[in-house]
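Following: one structure in structure tokens, then a few remarks.
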Amino acid sequence: MANLRFNVVERAFKKRPLPVEVPEMRPAEYYGKLVFNREKMYKYLSLEVYEKLVDVIDNGTRLDRSIADAVAQGMKQWALDNGATHYTHWFQPLTEGTAEKHDAFVVHDGKGGMMEDFSGKLLVQQEPDASSFPNGGIRNTFEARGYSAWDPTSPVFIIDDTLCIPTIFISYTGEALDYKAPLLKSLRAINKAATEVCQYFDPNVKQVHANLGWEQEYFLVDEDLFFARPDLVLTGRTLMGHDSAKNQQMDDHYFGTIPERVQAYMKDLEIEALQLGIPVKTRHNEVAPGQFELAPIFEECNLAVDHNMLLMSLMKKIAHKHSFRVLLHEKPFNGINGSGKHNNWSLTTDTGVLLHRNGKTPEDNLRFVVFIVETLMAVYKHNGLLKASVMSATNDHRLGANEAPPAIISSFLGTQLTELLDHIELADKEELFTFEGKQGMKLDIPEIPELLIDNTDRNRTSPFAFTGNRFEFRAVGSEANCASAMIVLNTAVAEALIHFKKRVDTLIAKGENKTSAIIDIIREDIKTCKPIRFDGNGYSEEWKQEAYKRGLDCEPSCPICFDRYLDKESVKMFELTNVMTKNELLARNEVKWETYTKRIQIEARVIGDIAMNHIIPVATEYQTLLAKNVKSMMDIFGGEEGKKLTESNISIIKDIANRIKTIEIDVEELVNTRKIANKIESQRKKAIAYHDTIAPKMEEIRYQIDKLELIVSNELWTLPKYRELLFIR
Ligand code: ADP
Ligand code: MG
């Protein structure tokens, strides 16, 4: 069996970069080639249908069923012209991935033959066999069916021979069974709330949309090595493995040259991504060996989420082509950095104003401050919920594990912005704002130099950092659907803006000047949300204590964090903004707890199997070898000398025996603990039991295995080691 390890290592060593076919055209020319974008809509649809469709996309007007057939015809023609034979509704169930069911365009032609057809009805709505997707019991209750419905705001695209149609996925009773439906509702909520606030400053603003620029981190592992690690294959992470003697201590990977095979993979990935309209821009090595990052130019939030989901599946496909496996798991390897997916988020008006960027005039800066402060209000009020939105069994290894962002949400603003907020909070109201008769008002909101704000001290430990013209939510996991975090963030900020406006309007109704009223409320809010501001080291022990004193959510247990979704304040927020009902929240939490349990359950089974079937046999084999050696040494030397010469081997034999014994006991305990947990009816309590009793037991087993890896002869060890997984590429 150890042969397998040496074979795969040898094979991996010999691999050379795959030549990448670079299109003859420039990237700008093949960008969006496989997307039914406006240019193609214009070409394939009549002018009337085109205009109606664009109105649906831009202004959210209802899709007129009468144009659906015409749109479907145009789409079908474009798809056939590009070699597609099938179509699918493409949606995002609560399983983090995407789902699709492919159908051919063919129908009976009524004359015994076939013809290619695609109707508006098929474009707009379908009924995937939904019972196999997690639904938290929603569909079990009454109507057992769910359906997918077209989201015209995200363009259809072609993958291989299939036309993919982005859709929402909901139950027949209207509850969301996916991420996209509530995401779209949250975007509607923030659009409405932010537009109304913007109109204080500019009545021409008719719409506000959220932007998202994600930075996707990932690991690449040689595919042959990957298949020799059952834990990677089945759980996406290594459940054991001793630190490589060299890992990231030298900090030499980050800006080092990208390895050739990886470079070829990235090139290939970028070409395909660009053809699918994903505006990929940045690629580089990350901190850990074997870790990389890819980031696009930011886009409208819904589209950006779709593009990230699409990219993650592309990454897997193309990695395979280059004989790699991509690991999207947040913590594939102990002892080195994990992977996140920073979500850069901001708001833009339809008049082209980036609301999270400081302006040139005092009025613009007041608007800027309003959006900064109300974002902080949202993050402050719902910090526990925001954390819950990024928590998962896999991201659990990263949050609070003394790396990446800590398990406490706080916001870094940098000195420039902090000074500005302090000034507004502490200055005399008269100083800030005077209403000078005929000359109008005088507003003292100092300008921040653009350059300064962009280059201020960046704090890498902050989970929610202001980075010049946006906030960067860094706690999102690399494997996650960004929508989960974006739903909560958009909704929370929408709620904060609604409350802000209500209070300002009340003052105005009492006769106060508008700007003066805005300043009053903003000063109040700067004080209120102060506890969320923290510019220090987010990993430090002092911060944990300080955060606790400030009343921030410090709960580290993932299944308990999910409770935040059902807090009174959270339900109120989701209902006020029409994003989710209490029923949906309840059902979705069931799915979260169940998913948590399943992930740990699978890991526990795998580690048990590997411990008994791989590790113990190998350790025993080595122990036998040593015993034989001792015996023959004693035969040769005998007596005191023999004893002395075999001393160290005997101690290793004992060490191995003790560790094997401990592992056997632990594995048995692991099985028993699981049996107890599995009997628990409540999904919540079961998840908590898995978190509290099973996950720690796995760590104990791992500890023993990693020690054995150091002792047992390298020749015999069957599982590819960290140094092989991380450095061969
Ligand atoms: P860094 O690694 O320094 O954080 P990158 O340039 O790698 O920055 O990635 C930043 C991401 O943020 C990119 O996707 C970029 O397009 C996006 N971004 C830049 N400005 C904004 C903004 N105003 N709103 C949202 N995203 C933004
Ligand atoms: Mg970043």
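All values below were derived from every heavy atom in this structure, side-chain atoms included, with hydrogens, water molecules and symmetry-related copies excluded. One-based numbering, in listed order, for ligands and for the atoms of each. Being a predicted model, the structure only gives us computed values, none of them experimental.
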* Structure fact -> Hits for side chain to side chain donor-acceptor pair (under 3.5 Å) against Trp214, two or more places apart or cross-chain, chain-then-number order -> none
* Counting from 1, what ligand 1 atoms have a heavy atom of Ser346 closer than 4.0 Å? -> 22 (C), 23 (N), 24 (N), 25 (C)
* Have a look at Gln92 and tell me which of Thr98, Asn481, Thr167 forms a side-chain hydrogen bond (donor to acceptor under 3.5 Å, both in side chains) with it. => Asn481
* Asked: What atoms of ligand 1 come within less than 4.0 Å of a heavy atom belonging to Gly213?
  -> 14 (O), 26 (N)
* How are the rings of Phe292 and Tyr218 set relative to one another: parallel (under 30°), tilted (30 to 60°) or perpendicular (over 60°)? -> tilted
* Quick one: does ligand 1 sit under 4.0 Å from the side chain of Glu215, the backbone, both or neither, non-hydrogen atoms only? -> side chain
* **Min N/O separation Trp345 to ligand 1 under 3.5 Å** => no
* Do the ring centers of Phe534 and Trp543 come within less than 6.0 Å of each other? -> yes
* Evaluate whether atom CD of Glu260 has more than 12 neighbouring non-hydrogen atoms of other residues, nucleotides or ligands under 6.0 angstrom away. => no
* To do: Decide, yes or no, whether a salt bridge links Lys341 with Glu330 under the criterion of side-chain N to carboxylate O below 4.0 Å.
  => no
* Below 4.0 Å from any atom of ligand 1, is there a heavy atom belonging to Glu472? -> yes
* Which atom pair, heavy atoms only, marks the closest approach of His307 to Pro279? -> ND1-CD, 4.1 Å
* Structure fact -> Min over Asn211, Asn344, Leu347 of heavy-atom distance to atom 12 (O) of ligand 1 lands on Asn344
* Judging by distance only, is a nitrogen or oxygen of Pro296 under 3.5 angstrom from one on ligand 1? -> yes
* Asked: Should Phe500 and Val197 count as side-chain neighbours, where that means a heavy-atom distance under 4.5 Å?
  -> yes
* Structure fact -> Candidates Gln216, Arg474, Arg470; heavy atom nearest atom 8 (O) of ligand 1 found on Arg470
* **Option whose closest heavy atom lies nearest to atom 18 (N) of ligand 1, chosen from Trp214, Phe471, Phe298** => Phe298
* Asked: Hey, which atoms in ligand 1 end up nearer than 4.0 Å to a heavy atom of Ile297?
  -> 16 (O)
* Asked: In ligand 1, which numbered atoms sit nearer than 4.0 Å to a non-hydrogen atom of Leu354?
  -> 23 (N)
